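Below is one structure, written out as structure tokens; comments come after it.
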Number of protein chains: 2
Amino acid sequence: MTHDGRRLRGSRSREAILERTVSLASVEGLDGLSLGRLAAATGTSKSGFFAHWRDKEQLQLDAVEWAARQWTELVVAPALRAPAGVRRLFALHEARLKFYSDGVLPGGCFFFAVHAEFDDRPGPVHDRIARAMRDWLKFVRRQVDEAVALGELAGSTDPAQLAYEIDALGEMVVPHSRLHEGQAVFAHARRAVLQRLRALCPHPDLLPED
Amino acid sequence: MTHDGRRLRGSRSREAILERTVSLASVEGLDGLSLGRLAAATGTSKSGFFAHWRDKEQLQLDAVEWAARQWTELVVAPALRAPAGVRRLFALHEARLKFYSDGVLPGGCFFFAVHAEFDDRPGPVHDRIARAMRDWLKFVRRQVDEAVALGELAGSTDPAQLAYEIDALGEMVVPHSRLHEGQAVFAHARRAVLQRLRALCPHPDLLPED
DNA sequence: GAGATATACAAACGATCGGTCGTTAATGTA
DNA sequence: TACATTAACGACCGATCGTTTGTATATCTC
């Protein structure tokens, strides 16, 4: 085969493998996934990985990076198109729910699967995952702060408290939607946050009624 | 050694192994935990397991059973000592939080760790886990129903909706408490459910103020 | 065009995986 | 007392794990 653009082809297959890794890891985790099965799933050889990554841990770290970028593109970015304040906060929640209900990842959420796995296992992968999730929660909290500053949420609002509630109500959709088929869980998660925000909002008409 | 009570000794070590299994599985999952490491942790030999269980799957099934029993004893039973209605509902939430903050299991929650693992992996273990979690949610929902019937929650309350909220706000304490050290997360989870219940309750004085 | 570099592979490594086999010793049953 | 059962073990099995090595070929650099 001529003209396969060695360097380009390399980064192409690198990206393809990472996408597949994140996808599979959302189902079986980053450590539960073995190189052998990953090779079979990507149509490559096991030893081929070591041309791209020093060891499995490097692949895992890059996979976390890739998943974080995907989350930013498909959840954070769309929400940023809504006007700052309580509407953006709710848009963020809805974008997340859409990410789950669209079935972007077969396991629902990469970070949910992977965090339970590396929860109590120290190391660089644990640290990278923890950082990503802390950044996410900080981002949610910043949206709360902004909404308070804009007078769109009661001044008595505890930002850390509300950020926890929004994250918890959104994240638990992942296991629940797998437990009880049907989209009732999505409605519950959406309504819970919506009613909570409306109750705190001096101008509830900024948000949909239901 | 004389008089070691063969039969009794068997069920003793059986229980001891199960307790250790549930404990370790709350950290690394049921499948992530290998028989070799489990043998080392219990001070027995790998092959000794097969005197008690046909294969690893049987051990996993018994471990789920054991964890469910532990949950009933340490969370459900204490809550049932509170008077039925909204107070029992909140007692249930608090008993769960106490289970987590007491560090009964080193990984926080057996079912959290294990559900993420068997989420999308069909089989008897998956089914047993799903049943346990469905039973739990049904139980929470029954407490909501009872509180509504007693007139301690507004008649407009959607039981499935509220049950989801309570479960989500309680369960997500597990990953969050590992992410940000400190007991702030416990306070958030407690206050979130408390304020939600007080808002729905015609007699808020049934519940603590804060 | 020569030499370094990068992609990708098959084959094989030691370690560990879940599981089997045969054995020993103590217990329960007759 | 005779015999089946049970707990527990060490040794070992084939399979798979993450990883190393060596090789072939195509691309980039000079």
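Here is how names work: the chains are called A, B, and so on, in the same order as the sequence lines, proteins then strands, and each is numbered from 1. Here the structure is a predicted model, which means the values were calculated and not measured.
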Exercise for the section: Not counting sequence neighbours, list each pair that qualifies as a ring-ring contact (aromatic ring centres under 6.0 Å, His included) and has a residue in residues 14-50 of chain B. Expected result: none

Practice task
Inspect the surroundings of CD in B/Glu57 and state if more than 12 heavy atoms from other residues, nucleotides or ligands are less than 6.0 Å away.
Solution key: yes

Practice task
Please list residues of residues 27-34 of chain B whose heavy atoms come under 4.0 Å from any atom in DNA chain C, ordered by number; otherwise none.
Solution key: B/Leu33, B/Ser34

Practice task
Could you check how far CZ of A/Arg14 sits from C1' of C/dA6, rounded to whole Å?
Solution key: 13 Å

Handout entry: Touch class at under 4.0 angstrom, heavy-atom based, for A/Phe50 against every strand present
Key = base

Exercise for the section: Report yes if a side-chain nitrogen or oxygen of A/Ser13 is closer than 4.0 Å to either non-bridging phosphate oxygen (OP1 or OP2) of C/dA8; otherwise report no. Expected result: yes

Handout entry: Test item: side-chain donor near acceptor, A/Trp53 and A/Gln60, under 3.5 Å
Key = no

Fill in the blank from the handout: Across all chains, not counting sequence neighbours, the side-chain contact (heavy atoms from CB on, under 4.5 Å) partners of A/Ala113 are none

Exercise for the section: Starting at atom CG of A/Leu59, determine the distance to atom C1' of D/dG18, rounded to an integer number of angstrom. Expected result: 12 Å

Handout entry: side-chain N/O B/His52 vs D/dA8 OP1/OP2, d < 4.0 Å
Key = yes

Completion exercise
Sorted by chain and number, sequence neighbours left out, side chain to side chain donor-acceptor pair (under 3.5 Å) with B/Arg37 holds for B/Glu28

Completion exercise
Among D/dA8, C/dG19, D/dC9, the one nearest any side-chain atom of B/Leu35 is C/dG19

Problem - A/Lys56 side chain, from C-beta outward: closest of D/dT19, C/dA8, D/dC17 - result: D/dT19

Protein N or O to nucleotides 10-14 of chain C N or O, pairs below 3.5 Å:
unit_1: C/dA10; atom_1: N7; unit_2: A/Ser47; atom_2: OG; d: 3.1
unit_1: C/dA10; atom_1: N6; unit_2: A/Ser47; atom_2: OG; d: 3.0

Problem - Within residues 100-113 of chain B or reaching into it, pairs that qualify as side-chain hydrogen bond (donor to acceptor under 3.5 Å, both in side chains) - sequence neighbours excluded - result: B/Arg96-B/Tyr100, B/Lys98-B/Asp102

